[in-house]
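Read the structure below first, then the notes.
Atoms considered below: every heavy atom in the structure, side chains included; atoms not considered: hydrogens, waters and symmetry mates. Both counts, for ligands and for their atoms, begin at 1 and track the order of listing. These numbers were taken from a predicted model, which means no experiment stands behind them. Numbers for residues simply follow the sequence, beginning at 1.
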Amino acid sequence: MTSQNPENSSNLENAMQLMIQTFHKYSGNEGDKYTLSRAELKEMLTQELGNYLGNAQDKDAVEKVMNDLDANNDGEVDFTEFVILVGALTVACNDFFLEYHKDDNKPGEKN
Ligand SMILES: [Ca+2]
Ligand SMILES: [Ca+2]
């Protein structure tokens with residue numbers, strides 16, 4: 001990887017790097033440096049995904065996200081589980097994008 005040289009990175013490479021940096025920005029606050037505790041997850045959701053998860057301040061919402069994400073039930077969100085969250089949200093955004101641009105195609109023009 002050429003992550004030392006951001007100017008030469010593609011958008012997707014930058015996005016991957018940002019995901020890694022964002023995860024570690026919050027995962028290092030308490031407990032295990034490489035996993036998100038409930039509090040760290042809440043902080044991350046509030047700061048980074050406020051636009052997508054408007055009610056992340058709601059304790060139940062954080063609890064629900066945590067329960068959904070914590071595939072191995074250890075009470076922490078590791079990087080793999082985090083990537084699944086971001087992936088799922090990205091899929092949801094893409095669905096919205098496709099829906100939004102549906103009318104860009106003339107009727108009957110299908111690929
Ligand atoms: Ca942690
Ligand atoms: Ca876990």
Side-chain angles (χ1 to χ4, degrees):
M1 286 234 268
T2 55
S3 56
Q4 279 79 9
N5 209 346
E7 300 100 288
N8 290 337
S9 298
S10 72
N11 284 341
L12 186 55
E13 286 166 347
N14 284 337
M16 288 159 62
Q17 206 180 332
L18 276 172
M19 276 169 60
I20 294 167
Q21 285 172 355
T22 303
F23 179 84
H24 290 287
K25 181 175 157 190
Y26 295 94
S27 70
N29 286 344
E30 67 173 27
D32 190 318
K33 283 199 318 197
Y34 303 114
T35 61
L36 295 171
S37 67
R38 223 172 225 85
E40 289 167 341
L41 175 70
K42 183 183 174 179
E43 179 77 2
M44 196 272 293
L45 293 176
T46 310
Q47 298 296 322
E48 308 290 340
L49 290 167
N51 294 327
Y52 293 111
L53 301 167
N55 58 350
Q57 292 85 345
D58 179 354
K59 193 172 173 294
D60 289 346
V62 174
E63 204 69 15
K64 188 181 181 308
V65 172
M66 174 62 99
N67 290 338
D68 286 353
L69 285 185
D70 188 14
N72 62 359
N73 284 313
D74 63 354
E76 300 266 323
V77 173
D78 62 28
F79 187 72
T80 305
E81 292 162 348
F82 169 75
V83 167
I84 290 166
L85 167 69
V86 175
L89 284 171
T90 309
V91 168
C93 290
N94 185 51
D95 289 346
F96 181 78
F97 177 87
L98 293 178
E99 184 65 24
Y100 189 79
H101 289 279
K102 206 170 55 176
D103 296 336
D104 291 358
N105 295 322
K106 305 238 163 24
E109 267 186 18
K110 279 194 182 138
N111 296 323

N/O/S atom of [X] under 3.0 Å from the Ca ion (ligand 1), yes or no?
| X | value |
| --- | --- |
| N29 | no |
| E76 | no |
| S37 | no |

### Query
What N, O or S atom of E30 is found closest to the Ca ion (ligand 1)?
O

### For the Ca ion (ligand 1): the N/O/S atom of D32 at shortest distance
O

State whether the side chain of [X] and the backbone N or O of [Y] hold a donor-acceptor pair below 3.5 Å, judged by distance alone.
| X | Y | value |
| --- | --- | --- |
| N94 | L98 | no |
| T35 | V77 | no |
| E40 | N29 | yes |

### Query
Once the angle between the rings of H101 and F97 is folded into 0 to 90°, is it parallel (under 30°), tilted (30 to 60°) or perpendicular (over 60°)?
tilted

### Task
Round to 10° and report the angle made at the Ca ion (ligand 2) by OD1 of D70 and OE1 of E81.
110°

### Query
What about L36 and L89, same hydrophobic cluster or not, with Ile/Leu/Val/Met/Phe/Trp/Tyr joined at side-chain heavy-atom distances under 4.5 Å?
yes

### Task
Identify whether I20 and F82 are in the same connected component of the hydrophobic contact network (ILVMFWY, side-chain heavy atoms under 4.5 Å).
yes

### Task
Would you name the N/O/S atom of D74 that lies closest to the Ca ion (ligand 2)?
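This turns out to be OD1.
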
### Message
Quick check for you: with the Ca ion (ligand 1) as the vertex, what angle do OE2 of E40 and O of T35 span, to 10°?
### Response
120°

